[in-house]
Structure formats: C-alpha cells, structure tokens
Amino acid sequence: MGSSIVMDMFSKPTTRTAPVTPKAVVSNTSSFAPESIEVKTVQPIILELSDNANTLLNALDSTYLSTVNTQASEAKIKELEKQKQLDDLVFELTYGERDNPKPEKNYYVQPVKTAPSIIDRLQVNSIINDTAFIDVSGQVIPVKKGDNVEDAKITRITKNTVVLTRNNQSFTKYIKAAPIKVAIKKESEDVRSQ
C-alpha cells in the first residue's frame with residue numbers, strides 16, 4: 001500500500017513562524033479510480049522561531065529592503081540623466097547650440113610651505129678677530145672662514161660682515177645692530193629747571 005502526502009507551503013508567512021501546514025492527505029488504497037480517494041483534513045503544525053532566528057530574519061529583511069531602495073534610486077538618477085541628455089539634444093536640434101558657454105576650469109594650487117633657508121635664519125651677533133658668533137634659530141654658533149653651516153659655506157669674515165656662499169651665490173650678513181635708545185627731555189623738566 002502506497003500513500004502520498006500533498007503539502008502546500010505559503011510563499012511568505014505574515015508572522016515570523018515557520019508554518020508547515022499540509023492541507024489534505026490523499027490516500028490511495030488500491031487503484032486510481034475517483035471513488036477510492038479519501039480526503040482528510042489535518043491540523044496545521046506551527047513551528048516557533050527562536051529570538052536569534054527572528055533577529056536574523058529582521059536584519060535580512062532590512063538589508064534586502066535597503067538594497068532594493070538603493071537600486072531604485074540609482075535607476076531614477078540614470079533616468080533623469082538620460083532625460084536631460086534627450087532635452088539637450090531636442091533643444092540643439094530645434095534652436096541650435098545654447099549660448100551659454102561652458103565655464104573655464106580654474107585650478108588653484110596651494111603653495112607648499114617650506115622651511116626658511118639658512119640664509120634667512122642666520123643672524124650675526126658679533127665678530128671677534130677672525131671668529132663670528134652667529135645665531136641660527138636661537139642657537140649661537142662660533143664660526144670661522146671655511147666652516148659650513150648646513151648647506152652654506154663661510155667664505156669671508158670682516159669686522160662688520162660675514163659672507164656666505166650657497167648654491168654658487170654669495171650672501172652678505174651684517175652684524176645685528178643693537179637697539180638705539182634716545183633720551184628725550186620732557187618739557188615739564190625744562191619748565192621746572194627755569
């Protein structure tokens with residue numbers, strides 16, 4: 001005796017349960033004659049999902065919805081771009097080219113900030129005999145003719161100047177002048193002394 005079960009599964013359940021609901025059981029005892037088919041109704045079996053499975057299904061549903069919305073947005077953008085191309089083509093065929101020229105492209109490059117060279121950072125504090133005392137970024141260094149300071153060479157020292165050579169160019173640095181203080185008489189002192 002052979003028996004077969006016909007089950008009809010729902011395509012997408014409305015609740016988060018896994019329905020296993022056979023609608024009818026068909027049993028065949030001996031032949032395929034219509035009078036020998038017996039139909040019985042069976043109670044549906046409902047399987048409850050765990051919390052993890054339910055969370056997973058919710059996340060999968062959200063991901064799917066997000067993907068569909070993204071694809072719809074991209075399709076709308078492509079549609080609008082094609083519509084604009086069509087409108088431009090119709091305008092050109094009807095009226096000729098548009099009068100508004102395309103704007104020129106202007107490129108602005110931010111200049112690279114470089115550290116000041118040794119020539120800019122060097123100050124001559126004093127010169128005693130053939131030794132010059134130079135200040136490089138706050139550090140006082142005694143130098144003589146022929147010494148190198150970074151990429152500059154001291155080529156000559158006079159009583160008021162230091163001559164440096166850098167990249168085959170000569171630079172003259174003078175002794176840093178001391179600030180001059182001028183005494184000014186106030187008028188009130190002149191009036192009192194009279």
Got a sec, which residues hit side chain to side chain contact (heavy atoms under 4.5 Å, CB included) with [X], two or more places apart in sequence or on another chain?
X	value
Leu86	Gln83, Val90
Val68	Tyr64
Leu56	none
Ser62	none

Within 6.0 Å of CG in Asn129, more than 12 heavy atoms from elsewhere: no
If you draw a 6.0 Å radius around CG in Asp51, do more than 12 non-hydrogen atoms from other residues or ligands fall strictly inside? no
Under a single-linkage rule joining Ile, Leu, Val, Met, Phe, Trp and Tyr whose side-chain heavy atoms are separated by less than 4.5 Å, which residues share a cluster with [X]?
X	result
Ile128	Phe133, Val140
Ile118	Ile119, Leu122, Val124, Ile127, Ile134, Val136, Ile141, Val143, Val149, Ile154, Ile157, Val162, Leu164, Phe171, Ile175
Leu93	Leu89

Any pair with a residue in residues 143-160 that passes side chain to side chain donor-acceptor pair (under 3.5 Å), sequence neighbours left out, goes on the list, sorted by first then second residue, please. Arg121-Glu150, Asp151-Arg166, Thr158-Thr161
Can you name the residues that form a salt bridge (Lys or Arg N to Asp or Glu O under 4.0 Å) with Lys78, not counting sequence neighbours? none
Using 0.5 Å steps for rounding, measure from the OG atom of Ser170 to the CG atom of Asn168. 9.0 Å
